Student: 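One structure, pasted below without further comment.
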Amino acid sequence: MKQLVAFTVSLFMLLIAAKIDASEGLQVRWWDGTVTSRPVGQLLSDNESFWGKRIVTGVTYTYEPKPDVPADLWRNESGSFGRRLLNGIGMRPPVPPSWEATQSGWIDPYLSVGVSEGPLVVVFDFQRMCRFNEVDLMSQSEHISIEVAMRQQDDETWQVVAEYPMEKLQDSVWSLRRIVFDKVAEAQYLRIKIEAAEGPTKLNQFFAWGEAEVEPTVVPPSYRPVVLSSIADTPSAISIPGVESTAFPLTEFWAWRRGLGESGQASAVWGELATWDRLTHEPILPDPLSDVQISMARNEIEPRALALVNTNDQQPLHTKVALSGFTRLEDNKPVDEVYGVIRVGGAIASKSYGVGIGPLFAREDLLDADWMHQYLANGYGIAHFPDLILNPAGAAVIWLEVHTQGAQPGVYRATLSTDEGVSLPIRVNVCNVVLPEAKAWVHSWSETTKSFPFSSMDRQVKEVDYKQSLGISVWRGLPEPGTINALARERGHAIFYDYILPWSHIDRGFTNKLDPNNITDEDEAAVRKRLTFIVERAKSLGLNNNQWFGELWDEPDRDNIAAFAAYAKLAKQIDPDFQLYCNPIFWIGGGQGAAKDPVVYDGLKGWYDQYIDVSAPSMLLIDYPKSGKLFDIDLPTNAFYQVASQHAKSERAKNVLFYRRLPWLAMRRGWDGWGYYSYSRPRGSAWIDGDRDLATNSNAADYQIVYPGPAGPIPTRASEAAREGWEDYRLIQSLQKKNDGSEAARLIKASKSRDVDLADLYQQGLMIIDQD
């Protein structure tokens with residue numbers, strides 16, 4: 001989108017006296033990078049993928065007549081209704097002028113609805129009277145006329161309140177048309193009529209902003225919570241609502257409370273949970289915790305999983321948790337270099353692992369309360385965190401993060417407490433250890449989380465900072481000015497990649513339709529043009545060959561590996577100096593895993609060691625006796641990856657700690673990096689595991705270790721484990737420089753054991769450096 005077209009409408013009917021306050025200070029960044037003022041009011045149109053303030057109206061809509069190019073159906077399934085105008089999926093914005101048009105900028109046909117002839121007319125029923133400040137239309141039709149009409153009752157005549165003839169619109173593609181009313185318009189029904197100057201009339205998304213009265217007891221028909229969330233006024237006999245594994249007989253609760261002694265007289269009790277093991281495999285009835293002790297480097301983040309349990313089995317507990325600032329033990333003076341963040345665990349349903357603790361919400365991460373109620377089994381009790389409502393005998397999982405930022409060695413203290421004065425001392429020993437900056441090739445095959453259609457101005461910084469705090473260094477696309485990749489380059493170590501084949505060749509290569517024995521002159525010319533363009537563009541951005549690499553297509557297997565080898569050879573003949581990447585997988589599917597070693601070796605021998613510079617095979621292949629030797633050849637980058645994030649909603653230590661183990665595996669092999677699929681690549685809604693994806697019709701589980709929030713990414717224990725692994729890696733880098741590096745070698749070797757506690761290895765390394 002080159003420009004954002006905004007209209008100010010003076011209405012002569014349906015007006016309320018209140019003037020709309022369009023504050024200039026409320027700047028937001030729209031999905032395509034455009035920066036303007038934020039719409040005034042709350043979202044009224046129930047669009048998914050917007051995580052800010054909203055009012056669930058249960059809006060419905062109909063067409064006059066029904067669209068046909070495409071229809072508003074789920075994957076064109078007859079009889080289904082897709083609600084595409086509210087699905088929260090936007091168009092791809094146009095690419096920067098310097099990019100090759102054939103590579104990007106395509107639009108998925110399933111993202112829009114349209115009519116082949118005449119106007120597209122949509123009638124919205126908001127189920128209640130609403131006070132509209134603004135309505136927005138997103139259309140991929142280049143030139144459209146717009147008519148907006150409203151009425152308060154179903155039997156009234158439509159009153160046209162805004163008209164924009166074709167000639168008034170500017171020439172823009174992928175454009176957002178903002179219709180801003182200068183006074184509030186009140187209505188229940190809204191009618192949008194748009195028509196394109198030529199070709200089909202397309203509409204991709206509709207938004208409405210304003211205010212409406214809400215009756216908490218009325219649940220709109222379209223609002224269906226994934227897991228019912230409620231507070232119990234009678235004994236609940238379950239620790240976390242919706243998590244059946246935490247249910248217990250009240251006799252067990254009473255016995256637990258008697259065993260607390262004096263602690264059982266307080267309104268709640270603090271307990272310790274297994275930070276990296278299962279949190280909710282049993283009732284949360286812990287021993288009382290006297291304090292929390294943590295040893296840290298001078299620049300790291302250290303988490304702990306805690307429990308807060310209501311000791312009353314008859315009444316819910318309304319309380320608030322707070323963490324004080326840290327002070328130095330020696331003089332009791334407050335410090336800024338050590339601070340804490342408290343989060344609360346959200347109980348969320350998964351496709352394969354039941355309901356468990358997933359997103360870890362801080363105050364600024366909370367979704368709107370309606371979203372919290374809809375997606376989370378314990379949403380009612382945590383929707384206004386740090387205010388909590390604990391069911392009778394119920395519990396909350398509190399995630400404590402302690403941050404050190406250049407803190408001086410010493411002991412620091414803080415207190416975690418409730419409104420009722422149930423306190424938990426926190427004691428932090430900061431060692432004389434600084435984790436060094438480190439370089440590693442760490443790939444996650446995904447972008448960042450998003451809020452659609454706009455986000456706060458600082459969201460990109462938060463996204464980049466959190467992603468890089470996990471060690472992730474590989475970003476798709478060159479760091480074009482103004483892009484998030486440029487921000488990643490500015491804020492730390494980053495490696496970039498782009499496809500070096502024309503898009504038509506990428507698609508045919510991936511789908512096994514390229515003939516390795518028939519590369520025509522036209523094929524060679526197309527590859528030369530694309531590769532030369534990327535190489536020159538990378539140079540113009542100041543990137544050397546170690547800062548970017550090129551890709552043919554993703555995950556070559558036994559069916560297309562011969563074509564991959566042929567085009568790898570061609571690319572290296574055109575330019576031998578750029579770095580070429582390959583991530584062979586040889587996946588068979590159907591639960592059979594990967595092809596056997598001889599098949600993989602036959603596919604790679606004779607060319608892999610000649611043409612590949614960045615090697616990242618599937619973890620399933622790296623220990624093969626023959627093929628593994630090819631992956632061990634000293635290349636500019638030796639790495640590996642695993643497709644694993646469909647298991648990230650599991651609470652098992654094996655699945656949570658997988659992300660922490662990856663750097664240790666790379667260190668044991670002497671390799672340069674690791675990867676996993678994926679940081680954030682949900683199928684459909686990121687908050688509903690296993691729902692169908694609009695573009696692929698897949699109901700696969702989500703491949704993600706973070707959730708999208710209003711302020712940025714919301715972490716999980718899996719993402720926090722990835723960060724712990726990155727800190728492990730940096731500590732070992734420092735330890736390798738001490739003396740002869742034997743202690744680092746010892747810890748790396750010890751990490752191979754299945755039963756090893758990686759947190760213990762980290763603490764051993766911390767103490768070795770601290771005492772050196």
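Keep in mind it's a predicted model, so treat the numbers as computed, not measured.
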Student: Would you mind reporting whether L621 and S627 have side-chain heavy atoms less than 4.5 Å apart?
Tutor: no

Student: Quick one: list whatever passes side chain to side chain contact (heavy atoms under 4.5 Å, CB included) with T448, sequence neighbours left out.
Tutor: K450, E463, K467, W475, I484

Student: Please check this pair: side chain of E401 against backbone of I301, looking for a donor-acceptor N/O pair closer than 3.5 Å.
Tutor: no

Student: With a 4.5 Å limit on heavy-atom distance, are the side chains of L541 and Q547 in contact?
Tutor: no

Student: Among residues at least two apart in sequence or on other chains, which ones pass side chain to side chain contact (heavy atoms under 4.5 Å, CB included) with E302?
Tutor: I294, M296, E300, R304, E724

Student: Do you know the tightest heavy-atom contact between S680 and V706?
Tutor: CB-CG2, 4.0 Å

Student: When you measure from the side chain of T483 to the backbone N and O of E480, does any donor-acceptor pair fall under 3.5 Å?
Tutor: yes

Student: Looking at S650, is its backbone amide N or carbonyl O close enough to the side chain of N655 to form a donor-acceptor pair, meaning the two atoms are under 3.5 Å apart?
Tutor: no

Student: Please evaluate residues W726 and S469 with respect to the criterion side chain to side chain contact (heavy atoms under 4.5 Å, CB included), reporting the C-alpha separation (whole Å), side-chain torsions for both, the decisive distance (0.1 Å), and the verdict.
Tutor: CA-CA 8 Å; W726 178 237; S469 78; 6.0 Å; no

Student: Whether the side chain of D559 engages the backbone of N512 through a donor-acceptor N/O pair (distance < 3.5 Å, no angle test) should be reported.
Tutor: no

Student: To the nearest 0.5 Å, tell me how far M767 CE sits from Y762 OH.
Tutor: 9.0 Å

Student: Do the side chains of S618 and P584 get nearer than 4.5 Å, heavy atoms only?
Tutor: no

Student: Under 6.0 Å from the CD atom of Q610, do we count more than 12 heavy atoms belonging to anything else shown?
Tutor: yes

Student: Identify the two heavy atoms, one from Q468 and one from A488, that lie closest to each other, and give their separation to 0.1 Å.
Tutor: NE2-O, 3.1 Å

Student: Under the criterion ring-ring contact (aromatic ring centres under 6.0 Å, His included), which of Y729, W441, W664, F640 is the partner of W674?
Tutor: Y729

Student: With side chains defined as the heavy atoms from C-beta onward, is the minimum distance between H505 and I519 less than 4.5 Å?
Tutor: no

Student: Between H647 and F658, does the ring centroid distance fall short of 6.0 Å?
Tutor: no

Student: Evaluate side chain to side chain contact (heavy atoms under 4.5 Å, CB included) for I705 paired with L470, printing each intermediate quantity in order.
Tutor: CA-CA 11 Å; I705 60 172; L470 311 189; 4.3 Å; yes

Student: Which label fits Y499 and W503: parallel for a plane angle under 30°, tilted from 30 to 60°, or perpendicular past 60°?
Tutor: perpendicular

Student: Taking E651's backbone N and O only, do any of them form a donor-acceptor pair with R717's side chain (distance below 3.5 Å, no angle check)?
Tutor: yes

Student: If you take all heavy atoms of G709 and R459, which pair is closest and at what distance?
Tutor: O-NH1, 2.5 Å

Student: Under a 4.0 Å threshold between the charged nitrogen and the carboxylate oxygen, would E743 count as salt-bridged to R746?
Tutor: yes

Student: Starting at OG1 of T716, measure out to NZ of K649 and round the result to the nearest 0.5 Å.
Tutor: 8.5 Å

Student: Using every non-hydrogen atom in the two residues, find where A305 and T275 come nearest and quote the distance to one decimal.
Tutor: N-OG1, 3.1 Å

Student: If I take atom OH from residue Y608 and atom CZ from residue F631, how far apart are they, to the nearest 0.5 angstrom?
Tutor: 5.0 Å

Student: When rounded to the nearest 0.5 angstrom, what distance separates CZ in R669 from CG in N638?
Tutor: 9.5 Å

Student: Heavy atoms, side chains only, cut-off 4.5 Å: are L478 and N485 in contact?
Tutor: no

Student: Evaluate salt bridge (charged side-chain N to carboxylate O under 4.0 Å, His left out) for D609 paired with K629, printing each intermediate quantity in order.
Tutor: CA-CA 10 Å; D609 57 335; K629 293 179 181 179; over 6 Å; no

Student: Indicate yes or no for a side-chain donor-acceptor contact from R681 to the backbone of W445 under 3.5 Å, with no hydrogens or angles considered.
Tutor: yes

Student: Between D597 and K626, is there a donor-acceptor pair closer than 3.5 Å when you use the side chain of the first and the backbone of the second?
Tutor: yes

Student: Inspect the surroundings of CG in N518 and state if more than 12 heavy atoms from other residues, nucleotides or ligands are less than 6.0 Å away.
Tutor: yes

Student: Checking F578 against I500 for the side chain to side chain contact (heavy atoms under 4.5 Å, CB included) test, could you report, in this order, the C-alpha distance in whole Å, the side-chain angles of both residues, the deciding distance, and whether it holds?
Tutor: CA-CA 10 Å; F578 87 98; I500 61 166; 3.5 Å; yes

Student: With respect to D728, which candidate in R723, R661, R660, Q733 satisfies the side-chain hydrogen bond (donor to acceptor under 3.5 Å, both in side chains) definition?
Tutor: R660

Student: Could you pull out all residues at least two apart from D740 that satisfy side chain to side chain contact (heavy atoms under 4.5 Å, CB included)?
Tutor: S742

Student: If you define the side chain from C-beta out and look only at heavy atoms, does anything of I714 sit under 4.5 Å from T449?
Tutor: no

Student: Any side-chain heavy atom of L761 sitting closer than 4.5 Å to one from I732?
Tutor: no

Student: Measure from the side-chain N and O atoms of D465 to the backbone N and O of K462, and report whether any donor-acceptor pair falls under 3.5 Å.
Tutor: no

Student: Would you name the heavy atoms of L635 and S615 that are closest together and state the gap between them?
Tutor: CD1-CB, 3.6 Å

Student: State plainly whether the residues R730 and E727 are in salt-bridge range, i.e. N to O under 4.0 Å.
Tutor: no

Student: Nearest 0.5 Å, what's the CH2-OG distance between W31 and S451?
Tutor: 13.0 Å

Student: So, does Q704 use its side chain to make a donor-acceptor pair with the main chain of A686 at under 3.5 Å?
Tutor: yes

Student: Would you check if the side chain of D702 reaches a backbone N or O of W687 as a donor-acceptor pair within less than 3.5 Å?
Tutor: no

Student: Listing request: all salt bridge (Lys or Arg N to Asp or Glu O under 4.0 Å) pairs with a residue in residues 568-582, at least two apart in sequence or in separate chains.
Tutor: K572-D613

Student: Test F586 against L620 for side chain to side chain contact (heavy atoms under 4.5 Å, CB included), laying out the working first.
Tutor: CA-CA 9 Å; F586 285 81; L620 300 174; over 6 Å; no

Student: List, one per line, each side-chain donor-acceptor pair under 3.5 Å for residues 548-555, sequence neighbours excluded.
Tutor:
| from | atom 1 | to | atom 2 | distance (Å) |
| --- | --- | --- | --- | --- |
| E551 | OE2 | D554 | N | 3.4 |
| D554 | OD1 | N583 | ND2 | 2.9 |
| E555 | OE2 | Y641 | OH | 2.8 |

Student: Quick one: which of Y679, Y466, Y659 gives a side-chain hydrogen bond (donor to acceptor under 3.5 Å, both in side chains) with S719?
Tutor: Y466

Student: Is any side-chain heavy atom of I348 closer than 4.5 Å to one of D689?
Tutor: no

Student: Write down the atom of S446, the atom of S678, and the distance for their closest heavy-atom approach.
Tutor: CB-OG, 2.8 Å

Student: Working to the nearest 0.5 Å, report the span between CH2 of W607 and CD1 of I612.
Tutor: 4.5 Å

Student: For Y601, check ring pair (Phe, Tyr, Trp, His ring centres under 6.0 Å) against everything at least two apart and list the hits.
Tutor: none

